Protein chains: 2
Amino acid sequence: MALAHAILAVLTNRACSGYDLAKQFDGSVGFFWNASHQQIYRELTKLEDRRLVDLEVICQVGRPDKKLYSITDAGEALMREWIVQPSPLPPVKDELLIKLFVGQLVPKSEIQALLQQQRAQHEEILATYRTIEREYFGNPEALSLEARYQYLTLRNGIHFETGWLAWCDEASDSLS
Amino acid sequence: MALAHAILAVLTNRACSGYDLAKQFDGSVGFFWNASHQQIYRELTKLEDRRLVDLEVICQVGRPDKKLYSITDAGEALMREWIVQPSPLPPVKDELLIKLFVGQLVPKSEIQALLQQQRAQHEEILATYRTIEREYFGNPEALSLEARYQYLTLRNGIHFETGWLAWCDEASDSLS
DNA sequence: TCACGCATGTAATCCGTTACATGATTCC
DNA sequence: GGAATCATGTAACGGATTACATGCGTGA
């Protein structure tokens with residue numbers, strides 16, 4: 001059900017088309033919730049049926065019409081109720097750890113290579129996060145409340161990726 | 001597809017019934033891959049069709065028969081091939097972060113409560129991990145290769161949960 | 001006697017992924 | 001001329017979740 005909430009969360013900040021949403025789910029929000037454009041389009045029609053979003057069709061010259069969705073009062077009320085419910089921890093699903101669990105099946109060097117490959121990916125994401133931190137949240141004291149909440153989600157990603165790098169190094173050391 | 005690999009990983013260590021597997025996916029392996037008993041039973045029949053597991057029916061008195069599955073040579077070969085492929089980063093899906101992203105919709109105290117509730121859950125899991133670390137991996141230098149790999153997956157969980165606690169505290173402070 | 005553990009499954013529904021499909025405009 | 005961007009969708013398939021279903025044994 002959380003895809004609906006993720007979409008409503010984006011629409012809380014500003015009205016969007018399905019296409020705009022898909023792009024957001026490929027950056028910012030996508031850092032903690034991902035969804036393909038097909039999922040988004042399907043979910044938007046459901047949200048419209050439930051009157052949680054409003055739709056305004058914008059005719060454009062030379063490009064396809066745009067369906068601009070905005071959150072309704074009912075949608076915002078639903079979000080308020082949902083936010084205050086306690087959240088269970090999200091289930092972990094990490095195939096690298098399955099591989100490590102039976103790492104003895106292959107030569108150690110293969111596992112070392114996997115760890116390095118994984119480390120590089122985490123490093124890349126961390127670099128992206130750091131760039132965003134510098135560019136948009138340079139002075140955390142001066143942020144609006146909205147921006148501060150968004151900054152906290154970014155900080156979560158930074159903690160997460162930093163932890164991964166530390167673990168990759170520890171694991172790599174302990175195998176050599 | 002990784003559920004099949006997760007099951008084969010467990011069976012690499014020892015032969016199990018569907019029921020045994022379900023229990024493992026509720027502890028050890030479940031720390032990084034979760035699956036319900038329905039998924040497991042369905043997947044086991046598929047794995048048998050593909051000759052990746054063997055089945056031995058064990059008749060028991062006074063309890064239901066047990067179907068004991070073990071990995072075949074083909075299954076082990078498949079795992080070896082799979083392990084060395086590079087792994088993409090698993091997609092993140094965390095509804096707490098969606099909530100924080102639009103935290104301004106509710107009073108700050110509600111968000112503080114969410115953070116505390118989340119923190120408590122992460123602390124509990126970390127405590128579980130620490131107990132396992134003490135009981136099974138007290139002397140990391142002396143571990144067999146199998147055990148060392150399993151220990152690394154546990155260390156990953158410890159890094160992960162420690163990071164979460166740090167972030168919860170940082171977030172909580174920054175809001176007060 | 002009632003709940004829990006052992007042990008297995010089916011059915012319905014929903015969610016996610018992949019592939020296919022269209023069509024104009026802008027930039028290289 | 002060809003690729004990328006804007007903008008929307010359908011169809012098929014497979015994976016995951018939830019609910020339903022059975023039945024014996026053991027211990028409180």
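The model shown is predicted, which means the values in this text are computed figures rather than measured ones. Just so we're on the same page: letters track the sequence lines, and every chain starts at 1.
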Rounding to an integer number of Å, can you tell me how far [X] [atom1] sits from [N] [atom2]?
X     : N      : atom1 : atom2 : answer
A:Y19 : D:dT5  : OH    : C1'   : 5 Å
A:K66 : D:dT8  : NZ    : P     : 7 Å
A:D26 : D:dT5  : CG    : P     : 12 Å
A:Q39 : C:dT18 : CD    : P     : 11 Å
A:H37 : C:dT22 : NE2   : P     : 14 Å
B:L44 : C:dT10 : CG    : P     : 13 Å
A:L21 : D:dG9  : CG    : P     : 12 Å
B:Y41 : D:dA21 : OH    : C1'   : 14 Å

I want to check something: taking the side chain as every heavy atom from C-beta on, are B:F137 and B:L143 in contact at a cut-off of under 4.5 Å?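 They are in contact (side-chain heavy atoms under 4.5 Å apart), so the answer is yes.
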
From the options A:L114, A:L100, A:I98, A:L96, select the one residue that forms a side chain to side chain contact (heavy atoms under 4.5 Å, CB included) with B:I83.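 It is A:L114, the one option of A:L114, A:L100, A:I98, A:L96 that forms the side chain to side chain contact (heavy atoms under 4.5 Å, CB included) with B:I83.
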
Distance check: side-chain N/O of [X] vs OP1/OP2 of [N], anything under 4.0 Å?
X     : N      : value
A:K46 : C:dC15 : yes
A:K93 : D:dA16 : yes
A:Q38 : C:dT18 : no
B:S17 : C:dT8  : yes
A:K67 : D:dG9  : yes

Considering all heavy atoms of both residues, which atom of B:P140 and which atom of B:Y151 are nearest to each other, and what is their separation?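 Result for this residue pair: CB-CE2, 3.8 Å.
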
B:F101 and A:F32: aromatic ring centres closer than 6.0 Å?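 Close enough - the centres of the two rings lie under 6.0 Å apart.
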
Presence of donor-acceptor pair under 3.5 Å, side chain of A:R42 and base of C:dG16: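 Counting by modelled atom types and ignoring angles, a donor-acceptor contact under 3.5 Å is found here.
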
Check whether A:R80 reaches the backbone of B:V106 with its side chain - one donor and one acceptor, N or O, closer than 3.5 Å.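 It does not hold such a pair.
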
For the side chain of B:M1, starting at C-beta, report the closest nucleotide among D:dA16, D:dG15, C:dA7.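 Output: D:dG15.
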
